[in-house]
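One structure below.
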Amino acid sequence: MDQAATSSSSSSSSSSPRRYTHEEYKETADWLLAHTEQRPKVAIICGSGLGSLADLLEDKTVFPYKDIPRFPTSTVPGHAGQLVFGKLQGRECVCMQGRFHFYEGYDIQTVTFPVRVFFLLGVETLIVTNAAGGLNDAYNEGDIMLIKDHINLPGFAGQNPLCGQNDERFGVRFPCMSDAYDRELRALARQTAEEQGCGGFLQEGVYCMVAGPSYETIAECRLLRTLGADTVGMSTVPEVLVARHCGLRVLGLSLITNMTVTDYDSNQKANHEEVLQTTRNRTQDLERFVSNLIAKI
Ligand SMILES: O=P(O)(O)O[C@@H]1C[C@H](O)[C@@H](CO)O1
Ligand SMILES: Nc1nc2[nH]cnc2c(=O)[nH]1
């Protein structure tokens, strides 16, 4: 990717892989603060096909990523590529309509760049959504899974956005992740789903991140299930690591857009069109769910 390759800051080196300085994050945050009067406490990152959440905001100010200093750009269908400030249920929010993925060619610090910008804007809670493949055979396409934990497979292979020199202004060198997904927010989400009458399709489980962009083989799906994963996707975990590092509360939601293939006799094939089609089918329920939930935060 051109931008991924050319926007590399001078701080990148093998001994100091931190890609952006505190000042650089702050410049972007200050630019945004100078261009909007909104001061959101909640940020939402929209997964594949889930960007219409941002359309619910009122009194919107919209910034295409290309206009924001240092912001990367989205390259994946279903990711519009703009930052939307506005009010949802009367609460000021900022919404990423389109996220960045490692498989797009961005390094892991670029993928997570917006999260530290949100922190510097004064955001306290991050709601992160994704489209994911279901591994748990008790799940159904169209279910929403509250993420209670994750498996960071790229992290096992050295791709963790917190690698490199640590800046204590963001957080500690060795952040705890056993409480990554806020228990109170999950309880609120369960309560919201019950009230909305959609408790029947709410699941709670473990999301596993793979680098992508290829979908999993049958053997890989079986392996991930054995490891304890309920869903698999290509995002979210890096953003959560950076958010928790700087003390944001996190709620994670996976929309099960497809059930993964685990049977050698199956003719089913994972594909992005199916992913987007399921998000189109479920978008209204998900929007109502997030919107009702935000009213309680
Ligand atoms: O951004 P998310 O994680 O929702 O997108 C998922 C993972 C890939 O980007 C894509 C595969 O269909 O959907
Ligand atoms: N890795 C992965 N990502 C997805 N995103 C949506 N569905 C899937 C899937 O089956 N696998």
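Predicted model only: the values in this text are computed from it and were never measured. Both ligands and their constituent atoms are indexed starting at 1 by order of listing.
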Using a strict 4.0 Å cut-off to heavy atoms of [X], name the atoms of ligand 1 that fall inside it.
| X | value |
| --- | --- |
| H101 | 1 (O), 2 (P), 5 (O), 9 (O) |
| R99 | 1 (O), 2 (P), 3 (O), 4 (O) |
| Y215 | 11 (C), 12 (O) |
| V275 | 12 (O) |

Only heavy atoms count here, so choose which of S235, G47, S48 is nearest to atom 13 (O) of ligand 1. S48
Between N258, I256, L276, T278, flag the one that comes closest to atom 10 (O) of ligand 2 by a heavy atom. N258
Would you mind listing which atoms of ligand 2 come within a distance below 4.0 Å of any non-hydrogen atom of [X]?
| X | result |
| --- | --- |
| V210 | 1 (N) |
| M234 | 1 (N), 2 (C), 3 (N) |
| T257 | 6 (C), 7 (N) |
| V275 | 6 (C), 7 (N) |

closest protein heavy atom to atom 7 (C) of ligand 1 is M234 CB, 3.7 Å
Just need the protein heavy atom nearest to atom 9 (O) of ligand 1, so name the residue and atom and give the distance.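 Its nearest protein heavy-atom neighbour is Y103 OH, 2.6 Å.
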Centroid-to-centroid, F289 to F201, below 6.0 Å?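 Between F201 and F289, which both carry aromatic rings, the centre distance is not below 6.0 Å.
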Geometric class of the Y181/H150 ring pair [parallel <30°, tilted 30-60°, perpendicular >60°]: perpendicular
Identify whether the distance between the nearest side-chain nitrogen and carboxylate oxygen of E273 and R280 falls below 4.0 Å. yes
Is atom NZ of K26 surrounded by more than 12 heavy atoms (other residues, nucleotides or ligands) closer than 6.0 Å?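 At most 12 heavy atoms, drawn from other residues, nucleotides or ligands, come within 6.0 Å of this atom.
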